[in-house]
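Notes for the one structure printed next.
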Amino acid sequence: MRSGVVLANESIGGGYHHMIVNCPKIAEEIKDGQIVHIRVKDGYEPLLRRPFSVYLYDKKAGTIEFVYAIKGVGTEMMKSFKPGDEIDLLGPTGKSYTLKEGAKKIVLLGRGVGIASIISLGASAADKGIQVEAILSGKSPEKVFGGKALQSPTTTVNEVYDIDGTSDVENVMKILRRTQEEGGIDQIFVCGSKRLGQLAYDFANEHNIEGYVSLEERMACGIGVCHVCVCKTTKGYQTVCKDGPVFPLAEVYG
Amino acid sequence: MRSGVVLANESIGGGYHHMIVNCPKIAEEIKDGQIVHIRVKDGYEPLLRRPFSVYLYDKKAGTIEFVYAIKGVGTEMMKSFKPGDEIDLLGPTGKSYTLKEGAKKIVLLGRGVGIASIISLGASAADKGIQVEAILSGKSPEKVFGGKALQSPTTTVNEVYDIDGTSDVENVMKILRRTQEEGGIDQIFVCGSKRLGQLAYDFANEHNIEGYVSLEERMACGIGVCHVCVCKTTKGYQTVCKDGPVFPLAEVYG
Amino acid sequence: MMERISLKVNIGGVELKNPVMPASGTFGVESADYLDCRKLGAILPKSFTLNPQQGNPPPRVVETSCGMLNAVGIQNKGLEYFINVTLPFFETFDTPVIASVSAYSEEDFKTIIRELNKTKTALIELNISCPNLKEGGKAFGTSAEETYKIVKAAKSVSEIPLITKLSPNVTDITEIALAAESAGSDAVSLINTFLGMAIDINTMRPKLGNITGGLSGPAIKPLALRMVWQVAQKVKIPVIGIGGIASGADAIEFLLAGATAVQIGTSSFAEPNIMERIISEIEDYMREKNISDIHEIIGGLKIG
Amino acid sequence: MMERISLKVNIGGVELKNPVMPASGTFGVESADYLDCRKLGAILPKSFTLNPQQGNPPPRVVETSCGMLNAVGIQNKGLEYFINVTLPFFETFDTPVIASVSAYSEEDFKTIIRELNKTKTALIELNISCPNLKEGGKAFGTSAEETYKIVKAAKSVSEIPLITKLSPNVTDITEIALAAESAGSDAVSLINTFLGMAIDINTMRPKLGNITGGLSGPAIKPLALRMVWQVAQKVKIPVIGIGGIASGADAIEFLLAGATAVQIGTSSFAEPNIMERIISEIEDYMREKNISDIHEIIGGLKIG
Ligand SMILES: Cc1cc2nc3c(=O)[nH]c(=O)nc-3n(C[C@H](O)[C@H](O)[C@H](O)COP(=O)(O)OP(=O)(O)OC[C@H]3O[C@@H](n4cnc5c(N)ncnc54)[C@H](O)[C@@H]3O)c2cc1C
Ligand SMILES: Cc1cc2nc3c(=O)[nH]c(=O)nc-3n(C[C@H](O)[C@H](O)[C@H](O)COP(=O)(O)OP(=O)(O)OC[C@H]3O[C@@H](n4cnc5c(N)ncnc54)[C@H](O)[C@@H]3O)c2cc1C
Ligand SMILES: Cc1cc2nc3c(=O)[nH]c(=O)nc-3n(C[C@H](O)[C@H](O)[C@H](O)COP(=O)(O)O)c2cc1C
Ligand SMILES: Cc1cc2nc3c(=O)[nH]c(=O)nc-3n(C[C@H](O)[C@H](O)[C@H](O)COP(=O)(O)O)c2cc1C
Ligand code: FES
Ligand code: FES
């Protein structure tokens, strides 16, 4: 467990909060796509930690950032974290996204709060000069975030919404096709929607692209010992907290 | 249940907090020595309300006051009540202290946080021109409070402490004897110490004085239905929340 | 939009306007000051015995994580007081009254029931499951044979439909429920409290005067729900679900698991009018889900 | 002021430096990154079966009031993996390793034990009490006869002292404990999880893939403590207390009730190094109470 100090914790609309935490140890170790388990309160109500993707991090500043959706008792309590509060963090845990040696162009597909999982990867890719095509999907514009954090000369951000139909499978497929045609996609990373995962898998399969998906499951230990957080894969039940959250698309949809 | 609004909630030293709550309905109904059950938090941790004596009340202002000692989880949480907070109160419940028709002089005996139970009675008695001899006992001066609230031309306050030995049975007995000699005591009221209760009973018995004691027991319902808060009396097990907290001394020590 | 919704249920031929009622030992005449007894499905005052009894030595309560232990030991004023004071008081409300009966022998059960036969008691709940009595209650409720015998005896004299209240402190609660059913019980209610304990590490003594006590409250809800589900699958008589219910959502879980009605105990301590809230939360749920009759919820758990 | 305090206890001839160890299923090789395995009384990795098994379909966990339900169903990589990977990993610490063994038949238990005989396993815990398996575990642990038979069979081949892990889902746990003792078990550990359930009222489906699951955590502590106290009065072999322990104070309650050691499960999830804290809290208590040997605490409950 690591102690972190809240630097900021504010609503960013759409039912999301953005929290910045100072925690040099986690910032030092964190890799794109890994998760951190927050203890929202001492005592037994709630009993378990809550897992969150690290949305962004700054290794020099020693900070990590989260975007979280208010869902229930735990995230309700997180809302009341104030700058200066000390919080109890466990992590980072789990497998990260890995950029392929020599990758030139990647696609990021995120939906809803799942977007939080892929933003730091986009930033890392851009840092390395890799072209990033990001498709950020949500019910409506308020439900999409992270576009700004991705801003870079080599990155294109497509925001697609349910309310105007742009988040439809056909439209997302169109963006993927265009991206592929404009020069081959080396890797696809997806998080936040089964439908998008399936779509990414089908597309990646068709074009022989390496693809990864980040999954969610309810957790208890967060470190791989209890086996409650499993998802079904071609290799059998694997733990999301340790074997995942990032899995090859083919293991999940294959 | 009644909703109250916290007006003040501050440490007064000695591990005690003093809280003022606006709750006109309770203020209207409350009688000296009755109790109010505070729900310290929604949810199940802790599960049960916490019972407290009403230390003072102001029927015109619609306020009630508590003095509480920090004991455990519930009172720890109460510390964080802030002015403006709405709190959930149940009560008043239980039997009150009753001043005898035509009483001229009464004695109040309180120890530690039990002092909270007898102060409003002292104030009521003084209002009626009854002479009050108050003996407030505690480990040390910080552990004694309420003297100021009792100030009146017809009231004498004796603070007695363990650290200087003044709280000894002999000394308290000396004060009682002196008071009795200076003109008969009509009633004795005691709260906060078994030893003092026994002493008051013995003295009251010897001089044929009417005497009452306020007891404490852990509670659940607070309204007399569950029978968990019983104390042994000459009439069998009686509930402290409804049949008490105030009992004739003879029922408890007889 | 929707037709009027119905929360009516029937237990042993007695129609209840809704499925929400108090659990024995947590409700009494004083409760009427804090909620509207007319709104309840039934009224169920504390268990009484043939003769008044003093109960166990204090302390009788310990708060535990999301629960509490009690060891009251059925302190009560006896049958006569129930008939002369409690019953007349509650009969003024337009709500069926259920008498919770505790006894130490078949004979005592029969004597009490014969007296109740002369009253307007709507239903009788046989408390054969109190963990806080050394004899009697416990022995009956933890053995299928004893349960069968006692219910059979009670049924043989009762003109009032019987509910048998089951103990959770058993290996297979469905066995006990089936025994009660085949002995003629008109319904079963479950569960009574789980036997538990707490120790004061400073004094090195039990925290309860009775050493052990019964655990109740939200802590035990998952266990109670499982038992209700198991029993509802096995018996044909109505099941009344009890254990840790503290919201409309909790009550609905029990109904989905197969309970025809629910009892609310411990959570009334923190919130004396919680049953009114639970009833309206059930109504809200039905409206939201477009369910007009509560029977669409009862046993509605989908599996597979 | 005080001489050095001793927390040493002995289970089946194996000396533990203190009475604190993990509960099966909540501790693994990954745990070693979060606490110092050298500080523990014993190391107890997850139960394994003869052959690898996949466990139950997800969801496998539901949080409940002060507790959680799990329905993992002993997903594990089997005996061979335990012997080749888990055991060698944990043998690097200077702490006895306890193998938690699950099986579906006497024969499987025997086969596993024969293989363990060849290793440096310090103790074997027979998990005959997992509520998340349809066959096997559950059946054994809820019947005194089955318990006797399986323990007897295990004992007949074991060169390693045996701990029998008991199920709380029984009418009288002392009966089962006595059966294990008379079949030759060197110790008993209790309790495994309580069978429970939770329902999602929106989907009207069980929240667990396996429908029911085992309840653990602080919610069940009073029940576990009561069972440990009951069993400790009846058996002569050491009792290991398990259930909801989340602090030194909780652990001390179990020791006072008669447990020689304790296991910590669910509370390690929120606080992976909680066992180190518990050990030091026990030490603090002993110092404060001027107790130099933990045996002065064990069974030290004062009654009357
Ligand atoms: C690997 C991983 C990464 C995650 N990253 C993020 C993130 O970056 N931002 C974010 O906002 N959330 C993220 N989540 C989800 C987050 O953990 C949950 O929303 C949070 O735990 C809910 O806690 P709560 O106490 O508010 O809700 P609860 O009161 O526990 O639950 C509220 C409702 O949400 C459902 N629910 C909660 N969590 C899950 C879950 N994991 N799977 C399915 N149903 C669930 C519950 O069943 C319930 O209906 C992630 C989850 C995982 C497993
Ligand atoms: C009629 C009555 C009037 C009271 N008036 C006052 C008052 O005016 N001011 C005040 O400060 N307190 C008063 N109390 C006591 C007060 O209710 C408790 O101190 C409070 O409930 C403790 O809550 P907690 O959650 O902080 O402690 P917990 O965490 O519940 O307990 C902390 C420790 O204190 C012990 N303890 C707590 N309450 C009691 C009790 N009632 N009897 C015996 N042991 C107990 C516990 O066993 C434990 O060891 C009164 C109690 C009663 C019954
Ligand atoms: C203080 C208290 C007293 C109880 N007394 C009785 C009783 O007299 N008869 C009975 O059948 N059950 C009694 N019970 C058990 C409850 O009726 C109920 O079965 C149990 O508490 C579980 O429900 P809950 O979790 O909603 O409280 C009592 C429970 C409590 C907490
Ligand atoms: C996720 C989980 C998995 C478990 N797996 C096992 C197991 O494989 N074998 C076993 O004997 N007990 C298992 N248990 C039960 C625990 O070892 C322990 O007996 C129980 O959880 C009660 O203790 P606790 O409240 O401290 O968790 C498991 C418990 C949990 C929560
Ligand atoms: S949460 Fe325990 S293994 Fe993933
Ligand atoms: S607390 Fe329930 S009767 Fe007093």
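A, B, ... follow the sequence lines: proteins, then strands. Residue 1 opens every chain. All values reported here derive from a predicted model rather than from experimental measurement.
You'll find the ring centres of B:Tyr68 and B:Tyr55 outside the 6.0 Å limit. Taking the ring centroids of B:Phe189 and B:Tyr97, they lie under the 6.0 Å cut-off. The aromatic ring centres of B:Tyr16 and B:Phe145 sit less than 6.0 Å apart.
Proximity to chain B (any heavy atom under 4.5 Å) is restricted, for C:Phe27, to the backbone atoms N, CA, C and O. Of the atoms belonging to C:Ser65, heavy atoms from both backbone and side chain fall under 4.5 Å from chain B. For C:Asp33, no part sits under 4.5 Å from any heavy atom of chain B, backbone or side chain. Only the side chain of B:Arg49 comes within contact range of chain C, judged by heavy atoms closer than 4.5 Å. Residue B:Arg2 does not touch chain C at all, counting heavy-atom pairs closer than 4.5 Å. Using a 4.5 Å cut-off between heavy atoms, C:Thr26 touches chain B through its backbone atoms (N, CA, C, O) alone. In this structure, chain B has heavy atoms under 4.5 Å from both the backbone and the side chain of C:Pro57.
Of the options C:Thr121, C:Asn127, C:Ile112, C:Ile128, a side-chain contact (heavy atoms from CB on, under 4.5 Å) to C:Val101 is made by C:Ile112 and by none of the others.
B:Glu86 and B:Ser3 form a side-chain donor-acceptor contact under 3.5 Å, judged by distance and modelled atom types alone. Residues C:Ser189 and C:Gln263 have side chains that never bring a donor and an acceptor to within less than 3.5 angstrom of each other. C:Ser24 and C:Ser100 form a side-chain donor-acceptor contact under 3.5 Å, judged by distance and modelled atom types alone.
Contact count against chain C (heavy-atom pairs under 4.5 Å) is highest for B:Glu45 among B:Lys242, B:Glu45, B:His37. Heavy-atom pairs under 4.5 Å with chain B peak, among C:Gly265, C:Ser31, C:Gly217, C:Pro59, at C:Ser31.
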